[in-house]
Amino acid sequence: GAVVSQHPSWVICKSGTSVKIECRSLDFQATTMFWYRQFPKQSLMLMATSNEGSKATYEQGVEKDKFLINHASLTLSTLTVTSAHPEDSSFYICSASPLAGGFHNEQFFGPGTRLTVL
Amino acid sequence: GQQLNQSPQSMFIQEGEDVSMNCTSSSIFNTWLWYKQEPGEGPVLLIALYKAGELTSNGRLTAQFGITRKDSFLNISASIPSDVGIYFCAGLQGAQKLVFGQGTRLTINP
């Protein structure tokens with residue numbers, strides 16, 4: 001149980017285009033989903049916290065107009081990187097926290113999406 | 001933002017050896033978590049610690065939550081090839097925000 005999927009697993013796009021990444025909780029409902037970014041050989045950095053039906057909360061330094069987050073249902077959150085540039089190339093990972101609160105608000109992580117912007 | 005200092009950054013060991021890594025913080029956390037990440041995948045939870053002083057085991061893994069709530073360590077006993085990966089500590093800030101350490105990259109020579 002507690003499986004989180006991401007789609008696509010990797011994507012290559014041209015500079016200036018927009019890319020949408022999906023995060024789904026497959027066997028549980030998630031009140032809250034989180035989006036992280038991980039650059040090569042670095043740690044995970046939280047970008048934003050997404051609550052179903054409300055606006056996402058962005059971490060300091062993360063541009064909300066560039067990284068659009070939609071959490072339209074209890075099992076799906078999307079991250080859209082708008083007007084992507086090479087410096088946006090990174091590994092994007094989502095996590096989901098169960099509706100029932102899990103055990104101490106545990107987060108279950110997706111497998112990540114590798115974005116490469118040419 | 002708040003950071004956790006994790007050490008060592010990398011380890012090269014022989015199969016069968018024990019491994020120890022730790023995390024420290026200037027701030028108190030009420031929950032410490034240890035994750036393992038393999039290439040191209042998301043992190044997987046190994047051990048969660050909820051009480052200061054708590055010592056918890058998961059198979060060959062043992063982790064402790066420091067008394068001061070500002071540190072934690074993870075030990076792996078009798079390492080095997082599948083232990084290879086990057087290990088991250090994380091502190092839970094507030095109800096939901098996770099702050100991650102820089103990671104310890106473990107390499108095992110057979």
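For A:Gln60, no part lies near chain B; criterion is any non-hydrogen pair under 4.5 Å. Residue A:Gln6 does not touch chain B at all, counting heavy-atom pairs closer than 4.5 Å. For B:Gln37, the part sitting under 4.5 Å from any heavy atom of chain A is the side chain, from C-beta outward, and nothing else. With a 4.5 angstrom heavy-atom cutoff, A:Ile93 touches chain B only via side-chain atoms.
Residue A:Lys66 places its NZ atom among more than 12 non-hydrogen atoms of other residues, nucleotides or ligands, all under 6.0 Å distant. Under a cut-off of 6.0 angstrom, the local environment of CD in B:Glu15 is crowded, with over 12 non-hydrogen atoms contributed by other residues, nucleotides or ligands. Atom NE2 of A:His7 has 12 or fewer neighbouring heavy atoms from other residues, nucleotides or ligands inside a 6.0 Å radius.
No side-chain N or O of B:Gln96 forms a donor-acceptor pair with one of A:Gln107 less than 3.5 Å apart.
Cluster membership for A:Leu115 and A:Leu68, using ILVMFWY side-chain heavy atoms within less than 4.5 angstrom, is not shared. Each of A:Met47 and B:Leu98 belongs to its own hydrophobic cluster when Ile, Leu, Val, Met, Phe, Trp and Tyr are linked at side-chain heavy-atom distances under 4.5 angstrom. The cluster map of Ile, Leu, Val, Met, Phe, Trp and Tyr, joined by side-chain heavy atoms under 4.5 Å apart, puts A:Phe67 and A:Tyr36 in different clusters. The hydrophobic cluster containing B:Phe73 does not contain B:Met11, counting ILVMFWY residues as joined when their side-chain heavy atoms lie under 4.5 angstrom apart, directly or transitively.
Considering only heavy atoms from C-beta on, A:Thr49 stays 4.5 Å or farther from B:Lys97 through its side chain.
Scanning all heavy atoms of the two residues, the minimum distance from A:Phe91 to B:Glu41 falls at CE2-O, 3.5 Å. Considering every non-hydrogen atom in both A:Phe109 and B:Pro43, the closest pair reads CB-O, 3.4 Å.
Taken from OG in A:Ser43 to CD1 in B:Ile86, the straight-line distance is 9.5 Å, to the nearest 0.5 Å.
Across A:Thr32, A:Val4, A:Thr113, A:Leu46, the residue that shares the most heavy-atom pairs under 4.5 angstrom with chain B is A:Thr32.
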